[in-house]
Q: 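Before I ask anything, let me first share the structure, which is written out below as structure tokens.
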Amino acid sequence: MRHLLSAADLDHQSAVRLLDRAAQLSVVSDRAVKKLPTLRGRTIANLFFEDSTRTRLSFEAAAKRLSADVITFTAKGSSVSKGESLKDTALTLEAMGAEVIVVRHGASGAAYRLAHSDWISASVVNAGDGTHEHPTQALLDAYTIRAHLRDGLGDLTDLRIVIVGDVLHSRVARSNVLLLSTLGATVTLVAPPTLVPVGVSSWPCAVTYDFDEALADADAVMMLRVQAERMSAAYFPSVHEYSRSYGLTDRRARLLSEHAIVLHPGPMNRGMEISADVADSPRSVVVDQVANGVSVRMAVLYEVFGARAEISPEGISHV
Amino acid sequence: MTSPARVFDADDIGRVISRIAHEIIERSRGAQNLMIVGIHSRGVPLAQRIAERITVIQGAPCPVGELDVSMYRDDVALRGARPVNATHIPAHGVDGQVVVLVDDVLFSGRTVRAALDALNDIGRPASVQLAVLIDRGHRELPIRADYVGKNLPTSLTETVQVRVLEIDGVDDVLVERKASA
Amino acid sequence: MSSSHIVIRNVRPLDAAPIDIEICDGRIRTLNTADAASGTTHNDAEVLDGEGCILLPGLVDLHTHLREPGREDAETIATGCDAAALGGFTAVHAMANTAPVADTAGVVEQVWRLGQATGRCDVFPVGAVTVGLQGERLAELESMASCAAHVRVFSDDGVCVSDAVLMRRALEYVKVFGGVIAQHAQEPRLTEGAQMNEGALSAELGLPGWPSVAEEAIIARDVLLAEHVDSRLHVCHLSTRGSVEIVRWAKQRGINVTAEVTPHHLILTEDLARSYDPIYKVNPPLRTADDVQAVREGLADGTIDIVATDHAPHPHEAKDCEWSAGAFGMLGLQTALGIVVETMMNHPGASSSRLDWQGIADRMSVIPARIGGVQAEHGRPIAVGEPANLVVVDPQRPWTVDPARLASLSRNTPYTGMTMPVSVRATMLRGHFTVVDGHLS
Ligand SMILES: [Zn+2]
């Protein structure tokens, strides 16, 4: 895995292997010494053109637990906000020794472009690109679902997972549809027709407008963040109407089966897509998702550094 | 490429396991805090066999664990990501224990160095010893084994392959000359 | 500059039998069958051996962005004319979206004069329909029409004249001087932030979609407006099957509409967006293989009247970036003929979907000259007494596109490494070679 740009980069075997590795690495979080020497002396750059404190902190924690040096660039207070280009900033980071660049960018395909242009030779990890993908979020979601519903083993075969909300603008939904279906789960999208992309019929999932019906046999429900400004663009008429049709209300939560869990990539709009009580209920695994994010990102960084061996001139066998 | 030479067969391995078990008991003098820990991959079944022998000889159970050192290697960017295996340490932990690390082949010493680092992050053993089936020389670090099944002088153009029943379906040790160095 | 007395030997006009053609003082003086003329000598004439080559009227582009004034870092009128001549063009229509916008007689006259000064290619300025391309009030169309530049084509290209009332008024107003409104059909609200064709692929790539209906709805509205006010409409760069069908319907109904397709919409598809490389970003966007098939059929059967390049130079940094930051547009002048031959002549499909050399001459010279109102000088028959605006095409000399070797100041060609099946041997403007043996003369 030279880069991680899309959940489509992962086949079944490599996805399960990543989750297994993350599970092994999660043990480190429970030890007194929460650090591994694996990437000592190696440099990882976090290049965040969009402000996302939680994803940035998660990648930083993952890198530091592997003893890597971390350089962080964020849009705020750096040259990025003054219009410096993606290319120039990446060149700067590589000149500082970054071998892996974790990039968050508002443009769909920014990570792919960084990886496939001839600008840099660093490996690229996509930490969210526009309305395209967010593969490490999907990995941590899959990890969390597997931990709760599969005792942390194997894949997600036959699990029914419902993803609800603004699919059109959601990179989390795109990556999750790809990864969860790769892992064998049955995925159903629930959204108003205005927030479902044209061409969704080619995706490996079902689509319905009836949330109640989808809930009945769901094993996991993933609520997407809905931004209120979508309202002014006529995607839906009011918060009230959205919430009534597509929000995870207390009434709907009671339709869920006993074992079903509720996920949210955060930050949550309580009262919009999810009620406060549901968000705080024992079904909600939102806090686990955050913790699992670090383990999953450690596994990803390790894989990506490992793959650099294949291109390294000193990449020779040495036991 | 010449066909590989078998330097150990199953009987040889059985004898060596038994001898090492006796040596460990002798040196530890029936200590209550003995723990055998195998290094992944082939050190793990070897450690289990040694611990079983010790259990039989002593008439008291000998705790056994397994250690994955892939995250402690210093060659991630040289050799690539390795599959991660489980690290299992008996419930009472390594603090104050006499830990005997077990591996199949001792070569450069880097795996053992990684294992010592990994052990150090888990706890603080009273002492650490090292048992290996084959010592083939060519050390790159100041590390030596306390228990050696066989010293096998080799050249760098040769590979030494230990096969164990639990993983490879057969117990033996092969030496082979590489096509080119 | 070459001599004014030139003989081209053994060249086949529009694929007919070889002839020798004698050009003097800017016009065709004699045409003789090659055999009969072989004995004739022209002691003072420059001779080009056209053995194996095709002679066409000089190509006419109805849709070129020359960037001057305002973005001389991307292209100048001079470099654009060099590229045009090398591509076989003797006339180009320069779009109005410059800085300042070509919305006054002053700006269009300047562009026209700079074009004349190059001596490589006639530049006919397109006037803006609305002041500053703002879509709010009509520019002084009559002033531009009656000035030295004699503007006949008006377009806000780059943006759509989306206001229906303004479009109606423009269509009516240009009737006075026989002008035409060339519409960039893009419903603005349906394409806010749009990055590529809308469909399964845009959904997968997470790029905001540019739906076909945003183009088709404007074309449908505009053909009905043109019918209602009995005026002429030209549709720029149509790109979808639906657009072809609407134009076909309009023509059957007798509506006075013409339409163009770009070379890139004849050959490239949206799949190239998978690379997220904005070299493939263009407006209207690359569409599906089915749309490509439809525009080829439309061009073959005459529903689409002409090929126009939409040559759109951009500096390196405008394309060396992430997709959504990239500029829309591609170079086109030097590759247009090759792409048209590749897609319309060399493909193995039914003969009804193919063009011969006459068909290519019609769609790249004769009809664009007529739509642009320059048919007195350009797109003329190859006959004695006609102005010598000609191109000699070598169908046996393929070439490979290397962006660094294009004449344009910009490098944004999507065809890097692609083989063009034919090359321009020579281009002649008013009896003078602008290109000889593939090089500027
Ligand atoms: Zn246009």
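Computed from a predicted model, the values in this text were never measured in an experiment. In the text below, chain A, chain B and the rest are named by the order of the sequence lines, each starting its count at 1.
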Q: If you count heavy-atom pairs within less than 4.5 Å of chain C, which of A:Ser170, A:Ser117, A:Gly130, A:Gly109 leads?
A: A:Gly109
Q: I need the residue from C:Ser202, C:Pro211, C:Pro278, C:Gly209 with the largest number of non-hydrogen atom pairs under 4.5 Å to chain A.
A: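 Maximum pair count with chain A is reached by C:Pro278.
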Q: If the test is side-chain contact (heavy atoms from CB on, under 4.5 Å), which one of A:Val177, A:Leu224, A:Thr208, A:Val196 qualifies with A:Leu189?
A: A:Val177
Q: Between A:Gly199, A:Gly106, A:Ser108, A:Ala107, who has the most heavy-atom pairs with chain C when the cutoff is under 4.5 Å?
A: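 Result: the option with the highest number of such pairs is A:Ser108.
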Q: Pick whichever of C:Leu201, C:Asp320, C:Asp277, C:Leu205 has the most heavy-atom pairs under 4.5 Å with chain A.
A: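 Most pairs with chain A among the choices: C:Asp320.
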Q: With a 3.5 Å cut-off and no angle check, do the side chains of A:Arg297 and A:Thr136 form a donor-acceptor pair?
A: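 Yes, because at least one side-chain N or O of A:Arg297 sits under 3.5 Å from a partner of the opposite role on A:Thr136.
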Q: Which atoms of A:His169 come close to chain C, meaning under 4.5 Å heavy atom to heavy atom: side chain ones, backbone ones, both, or neither?
A: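 Neither part.
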Q: Using modelled atom types only, decide if a donor and an acceptor are shared between the side chain of A:Ser175 and the backbone of A:Val172 within a distance under 3.5 Å.
A: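 It does not hold such a pair.
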Q: Please state whether the side chain, the backbone, both or neither of A:Ser202 comes within less than 4.5 Å of a heavy atom of chain C.
A: side chain
Q: Would you find a donor on one side and an acceptor on the other, under 3.5 Å apart, between the side chain of C:Asp156 and the backbone of C:Cys160?
A: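 Flag not set: sc C:Asp156 to bb C:Cys160 has no pair under 3.5 Å.
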Q: Are side-chain N/O atoms of C:Ser239 and C:Arg287 paired as donor and acceptor at under 3.5 Å?
A: yes
Q: Out of A:Arg113, A:His132, A:His116, return the one with the most heavy atom pairs under 4.5 angstrom to chain C.
A: A:Arg113
Q: Between A:His105 and A:Phe49, how do the two ring planes meet: parallel, tilted or perpendicular, split at 30° and 60°?
A: tilted
